[in-house]
Amino acid sequence: MKATLEKADPVQSKSGFIRKIFKKEALLSIALLVLLLAAWEILSRIGVLHPLILPAPTVVFSATLELLASSFLYLHLGVTLYETIAGFFIGSFLAIILGIVVSSNPTLYKVLNPFIVVFQAIPKIALAPIFVTWFGFGPTAKIVMAITICFFPTFVNTVVGLKSVDEESRLLFQSLVAKKKDTFFKLSLPTALPFIFAGLKSSLTFALIGAIVGEFVGANEGIGMLLDTFNFQLEMGKVYALIVILSIIALLLYLLIEWLDKKLIFWADRDNNN
Amino acid sequence: MSILVNDALDRNLETNYQIEIHNIYKSFDKRDSAVTVLENINLNVRAGEFISLLGPSGCGKSTLLKLIGGLLDQSSGRLEIDGHAITGPSKKVGFMFQKAVLLPWRTVQQNLLLPIELSKGNVEEANARIGQLLELVGLKGYEHYYPKELSGGMQQRISLARTLMTDPDILLLDEPFGALDEFTRETLNFSLMDIAEQSGKTVILVTHNISEAVLMSDKVVVLGINPGHVLETIDINIPKPRTDQVMATKQYSEYVLHIRDLLGVGRK
Ligand SMILES: Nc1ncnc2c1ncn2[C@@H]1O[C@H](COP(=O)(O)OP(=O)(O)OP(=O)(O)O)[C@@H](O)[C@H]1O
Ligand SMILES: [Mg+2]
């Protein structure tokens, strides 16, 4: 942090140059977006795009405003968010705990590994109808779906992260006659934390997918159910409006976890992987 | 009669050794064969002695140091500290690794506290010690820096300070100043000699530097490669404390030239 104050060398000014290019690229991205939206609008107005296939941006925009002004949206949104967040927390918690348990014992790891590989290979979305049969039309089936689908990214990353402790650090703790517990909390876990967070980021997006898919299959509330209903009623503006709203929510959740990541793992070198 | 006395004297001396390395072999398992890295290593060290291990890259210096530190098991042979076989790392021994291995999420101060935390030592006392040790390694005022804000040489010096935090009787130092410029390196060498002489610590130092080894040590163990073996163990009979003046003496240069000869360095 203090090191960043000294910025006179050519390497730094080179990265300043790159930053300028990025700004220029951002402007170009926005310009491209405006261009695409304009083309889309014009093609809709002159009747090239059928409103049932792709309603005009202005139609989607006014539908979004209309939905945002209605109270029922928030009811459904609340349900979906509840399912997503509950699924995410339970799924990630299980993933981290199981990742730790599996990593702590090589024999256990070998015994469980075939099961893990097979379970990972199952296309989990295919389980949605089964969960609805098991747990009914309420939120439980969706939470279970979210758990199932968001479990693996965090689980795999926890295992990989705990394995990534380098030999020299291990030897250091060994030479200091560290207890197992201390080695775990003061070395292994902090080393694995950046990996775990990378997993959590994917898991959060996956949990939302799980909840929506669960609602598609059978539900009487939630954004997924709403999407299905509007689609059936051919209210295409509202369908697209819901997708816009969902995307914004997913983005906000992602930014939240990204912020937490940067706060918690302040020591990570992020320069190379941006 | 005289033979008997000699024998008794020998045995008496033998019980005085703090570290005994007897006929040590070490091999590592490769895919289907075993590679011998150390062969028939013998070395006896008295408490307070300063020993240097000198030899080409890959001759097994780090491996030997890890064996003494209880971080590796020998394939055969006898290894003892204070008459007890080494079965694992001991709190009596401070190990400094070839790499600095600082924890990136801890500040310098927190890194220095690690050995104290792990041994459930007194943190208050340790905090007072941190200032002294940082001064010793020339990094006073760097308490709150993170490792990534330090240069490689600075990190190594913090690593040395960390090794000294618990005040161990035996210091095993694996190329402690490898990443330092010559000036800082010499300053730290003299600090290290001061510490060793004042506190009576035993030091085993791995180095590639012949003159450094001669200047600092009571004994220089010169190792050969493939597999690592002792070429010669040389007692350096130059009185202590040693200063820069030593380097101007004939005795000193004879030791240096002899070791260069052993290692096959230079032009004849
Ligand atoms: N864990 C290990 N597994 C297999 N081989 C090893 C292991 N550690 C060391 N070796 C081998 O042992 C030999 C000696 O290694 P060591 O690190 O002790 O050398 P060194 O004398 O310290 O070298 P340097 O001066 O370059 O640090 C090398 O050939 C290395 O390949
Ligand atoms: Mg080495």
How many angstroms lie between [atom1] in [X] and [atom2] in [Y], if you round to the nearest 0.5 Å?
X: B:K99; Y: A:D166; atom1: NZ; atom2: CG; answer: 6.0 Å
X: A:S175; Y: B:M96; atom1: OG; atom2: CE; answer: 12.0 Å
X: B:W105; Y: A:L193; atom1: CH2; atom2: CG; answer: 9.0 Å
X: B:L72; Y: A:Q174; atom1: CG; atom2: CD; answer: 8.5 Å

Does [atom1] in [X] sit with more than 12 non-hydrogen atoms of other residues, nucleotides or ligands closer than 6.0 Å?
X: A:Y74; atom1: OH; value: yes
X: A:F184; atom1: CZ; value: yes
X: A:F93; atom1: CZ; value: no
X: B:Y25; atom1: OH; value: yes

> Does any heavy atom of chain B fall under 4.5 Å from the side chain of A:T191, the backbone, both, or neither of them?
Replying inline: both

>> I want to check something: taking the side chain as every heavy atom from C-beta on, are A:K186 and B:R106 in contact at a cut-off of under 4.5 Å?
In response: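 They are in side-chain contact.
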
> Based on non-hydrogen pairs under 4.5 Å, which of A:L187, A:V177, A:L172 is most in contact with chain B?
Replying inline: A:L172

> Where along residues 107-131 of chain B does a heavy atom come under 4.5 Å of chain A, listed by residue number?
Replying inline: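 Those residues of residues 107-131 of chain B which have a heavy atom under 4.5 Å from chain A are B:L114, B:P115, B:E117, B:L118, B:K120.
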
> For chain B, which residues of residues 107-126 of chain A have at least one non-hydrogen atom nearer than 4.5 Å to it?
Replying inline: none

> Which region of B:S90, side chain (C-beta onward) or backbone (N, CA, C, O), has a non-hydrogen atom less than 4.5 Å from a non-hydrogen atom of chain A, or is it both or neither?
Replying inline: backbone

> Side chain, backbone, both or neither: which part of B:L103 has an atom under 4.5 Å from a heavy atom of chain A?
Replying inline: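 The answer is the side chain of B:L103.
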
> Which one, B:T163, B:T166, B:V101, leads in non-hydrogen pairs under 4.5 Å with chain A?
Replying inline: B:V101

> Between B:P89, B:P168, B:G94, which shows the greatest number of heavy-atom pairs under 4.5 Å with chain A?
Replying inline: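 When all of B:P89, B:P168, B:G94 are compared, B:P89 has the most.
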
